[in-house]
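Hydrogens, waters and symmetry mates are skipped; everything else that's a heavy atom, side chains included, is used.
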Amino acid sequence: MLIGYTAALGIHGINEDCNLHAGSQGPFAQWLWNRLEMAYPSSLGWAVEIERRAEQTDVPAMELFFELLDEFRAAGHGTHQAKPAGQASTEAGVAEAGGGSARHARA
């Protein structure tokens, strides 16, 4: 399922600052070790540690993952939405041509 989540981010041009690939020691994993009060990074990876914590707390692992991801974002690690090539100039052209805001032009 997380592969699907990562694919959807790419399709929608969202640059997630967490690297959700298996075994990653990226920003999300580094944040997670502290959040789970682990003295050392897990050699098994962040996904296994979330599964372990989910079993201990009787919370579905996917639910816990998304709760933790929300906390990660709220802690200041954000996502950045990248506009597909050409979209910014098209929206600006609509606004300049008197078409109102780009939001209304897409409606």
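- By the 4.5 Å heavy-atom criterion applied to side chains, Phe66 and Leu69 are counted as neighbours.
- The hydrophobic cluster containing Leu44, built from Ile/Leu/Val/Met/Phe/Trp/Tyr side-chain heavy atoms closer than 4.5 Å, also comprises Val48.
- Closest approach of Pro60 to Ala54, counting heavy atoms only: C-CB, 4.2 Å.
- Pairing each heavy atom of Phe72 with each of Pro27, the nearest pair is CE1-O, 3.6 Å.
- For an aromatic pair to be called close, the ring centres must be under 6.0 Å apart, and Trp46 with Phe28 satisfies this.
- Pairs of residues two or more places apart, or lying in two chains, that qualify as salt bridge (charged side-chain N to carboxylate O under 4.0 Å, His left out) and include a residue from residues 60-72 are Arg35-Glu71, Asp70-Arg73.
- Annotation: salt bridge (charged side-chain N to carboxylate O under 4.0 Å, His left out) contacts involving residues 42-57, sequence neighbours excluded, comprise Glu49-Arg52.
- The shortest non-hydrogen separation linking Ile50 to Leu64 is O-CD2, 3.6 Å.
- A 4.5 Å side-chain heavy-atom check between Trp31 and Leu68 finds at least one atom pair inside the cut-off.
- In this structure, OG in Ser42 is found 8.0 Å from CD in Gln25, a value given to the nearest 0.5 Å.
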